[in-house]
2 protein chains.
Amino acid sequence: MTAQGESQTPARRVTRQRVALQTLLDSTVEFRTAHQLHDELRAGGASVGLATVYRTLQSMAEDDELDTLRTGDGEVSYRACAEQGHHHHLVCTRCGHTVEIGGSTVESWTNSIAAAHGFHEPHHELEVFGVCDNCWNTSAD
Amino acid sequence: MTAQGESQTPARRVTRQRVALQTLLDSTVEFRTAHQLHDELRAGGASVGLATVYRTLQSMAEDDELDTLRTGDGEVSYRACAEQGHHHHLVCTRCGHTVEIGGSTVESWTNSIAAAHGFHEPHHELEVFGVCDNCWNTSAD
DNA sequence: CTATATGCAAAGTATTTGCAACATT
DNA sequence: AATGTTGCAAATACTTTGCATATAG
């Protein structure tokens, strides 16, 4: 066996499309849907099949290499993880600008709420939305 | 003009299907997807078109007569509102049992976080998941 | 060479919409 | 009678899957 240690991942072939997607994600700050990423890849010349984009994003997300976020429309958005561990997002509903936030406040609050109701293994999903200052000034409400 | 006051709602006809749906919702404690409700209506003899179920649920939700919740699968679930105002849910991932929770803690926390980052008109989505005590005891992890 | 990855198109879900028939008001 | 409502089917939108082909290892 190779000197790889305990990684049991069967195989992870470094294909052109995987590299292209990884590179794109690394250079992207905001969340992007599979479709958006697919379009951007195409625009960048490195066309990748839509199905491949979906499959790759999924596997990356499973390996915690990506953050996922479900939009209000029910679409899933992905972004390269910038922060380790559990955290949430503050998303601008106009431009999509995102700030990662992580607060022990909510963590402990949800944990105690769950405990108070006899719930075990609590976890939660939280996203905060709003209009960032820039967009706010651009077009006053 | 009628003596209706300021309600600008054009008209809200009391149809058989609306009543059926309302009744079903009133007697349902947990969240249900449009499909589930549609099936239950059919099972109960009061068949209602799926499109109508969707349309009616949507309008009820818009009028804050229903709570909505997006499942991990991207499906939308509805439930008759038991509590007024903004609140969240504690959902059992095994049986679906739900507890409504409302915490000023999170509200103020998200508001200050948003403000700290220059975000305006903040709002948020939060759901807490876990295994309720009953399910927990039924099949120890 | 062999197993995994890709691409395309077809299949699946969940939800919306067009439109003629219909029922509440 | 007039307008909101319903049902059905077709249309959308997002995502998944089957399968033959290409390719990393």
Side-chain angles (χ1 to χ4, degrees), chain A residues 1-5 7-25 31-42 44-63 65-66 68-79 96, chain B residues 1-4 7-25 31-42 44-63 65-66 68-79:
Chain A
M1 54 182 85
T2 67
Q4 259 313 60
S7 173
Q8 56 169 277
T9 313
R12 247 323 181 70
R13 297 190 176 172
V14 181
T15 64
R16 171 181 68 73
Q17 19 289 83
R18 256 170 158 79
V19 173
L21 187 51
Q22 182 74 65
T23 303
L24 174 57
L25 284 165
F31 276 89
R32 291 280 183 277
T33 65
H35 253 101
Q36 291 178 313
L37 292 167
H38 175 249
D39 287 346
E40 289 175 28
L41 283 171
R42 168 182 287 182
S47 189
V48 175
L50 181 55
T52 301
V53 173
Y54 273 104
R55 280 187 286 230
T56 307
L57 287 173
Q58 254 177 241
S59 78
M60 290 173 110
E62 269 168 29
D63 293 354
E65 288 165 33
L66 293 181
T68 65
L69 171 64
R70 199 172 281 276
T71 72
D73 297 3
E75 278 175 281
V76 181
S77 290
Y78 301 86
R79 191 180 76 157
Chain B
M1 55 183 83
T2 66
Q4 259 312 61
S7 173
Q8 56 170 279
T9 314
R12 247 320 181 71
R13 297 189 178 172
V14 181
T15 65
R16 171 181 69 74
Q17 19 289 82
R18 258 169 158 78
V19 173
L21 188 51
Q22 183 74 66
T23 303
L24 175 56
L25 284 164
F31 276 88
R32 292 280 185 274
T33 65
H35 252 101
Q36 292 177 314
L37 291 167
H38 175 250
D39 287 346
E40 289 174 29
L41 283 172
R42 167 182 288 181
S47 190
V48 175
L50 181 56
T52 300
V53 174
Y54 273 104
R55 279 187 286 229
T56 307
L57 288 173
Q58 252 177 239
S59 79
M60 291 174 110
E62 269 169 28
D63 293 353
E65 287 166 33
L66 293 182
T68 64
L69 172 64
R70 198 173 280 277
T71 71
D73 296 4
E75 279 174 281
V76 181
S77 291
Y78 300 86
R79 190 181 77 158

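Note that this is a predicted model, so its numbers are computed, not measured. Within every chain, numbering begins at 1; the chains are lettered A, B, ... in the order of the sequence lines, protein sequences first and strands thereafter.
Heavy-atom minimum distance, A:His38 versus A:Val48: CD2-O, 2.9 Å. Taking each heavy atom of B:Phe31 and B:Leu69 in turn, the nearest pair found is CE2-CB, 3.6 Å.
The separation between A:Asp73 atom CG and C:dT13 atom C1' is 16 Å, rounded to whole Å. At whole-Å resolution of the value, CD in B:Gln36 and P in C:dA14 are 10 Å apart. Between the C1' atom of C:dG7 and the OH atom of A:Tyr54 lies a distance of 15 Å, rounded to the nearest Å. Put simply, CZ on A:Arg16 is 9 Å from P on D:dT23, counting in whole angstrom units. Atom pair B:Leu57:CG and C:dT16:P shows a separation of 10 Å (rounding to whole Å applied). The separation between B:Arg42 atom CZ and D:dG7 atom P is 11 Å, rounded to whole Å. Note: CD (B:Gln58) to C1' (C:dT17) measures 11 Å, nearest angstrom. For the pair B:His38 NE2 and D:dG7 C1', the interatomic distance rounds to 10 Å; values are reported in whole Å.
Distance from the side chain of A:Ala34 is smallest for D:dT15 among the nucleotides C:dT15, C:dA5, D:dT15. Closest approach to the A:Val14 side chain among C:dA14, C:dG7, D:dG25 is made by D:dG25 (side chain taken as heavy atoms from C-beta onward).
Counting only heavy atoms from C-beta outward, the side chains of A:Val53 and A:Leu41 approach each other to under 4.5 Å. Between B:Arg18 and B:Met60, every side-chain heavy-atom pair lies at or beyond the 4.5 Å cut-off. By the 4.5 Å heavy-atom criterion applied to side chains, A:Leu24 and A:Glu40 are counted as neighbours. Counting only heavy atoms from C-beta outward, the side chains of B:Asp63 and B:Arg12 approach each other to under 4.5 Å.
The line from CG of A:Leu21 to CG of A:Leu37 is 6.0 Å long, rounded to the nearest 0.5 Å. The distance from atom CZ of A:Arg16 to atom OG1 of A:Thr52, rounded to the nearest 0.5 Å, is 9.0 Å. For the atom pair A:Tyr78 OH and A:Leu66 CG, the distance stands at 8.0 Å (nearest 0.5 Å).
At C:dA5, none of the side-chain N or O atoms of A:Thr52 fall inside 4.0 Å of OP1 or OP2 (strictly under the cut-off). For the pair B:Gln17 and D:dG7, the criterion of a side-chain N or O lying under 4.0 Å from OP1 or OP2 is met. Contact between the side-chain N/O atoms of A:Arg18 and the OP1/OP2 oxygens of C:dT6 is found at a separation under 4.0 Å. Look at A:Arg70 and you won't find any side-chain N or O under 4.0 angstrom from OP1 or OP2 of D:dT15.
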Filtered N/O pairs between nucleotides 8-13 of chain D and protein, under 3.5 Å:
none

Might you list the N or O atoms of the protein lying below 3.5 Å from N or O atoms in nucleotides 21-23 of chain C, with each pair's distance?
none

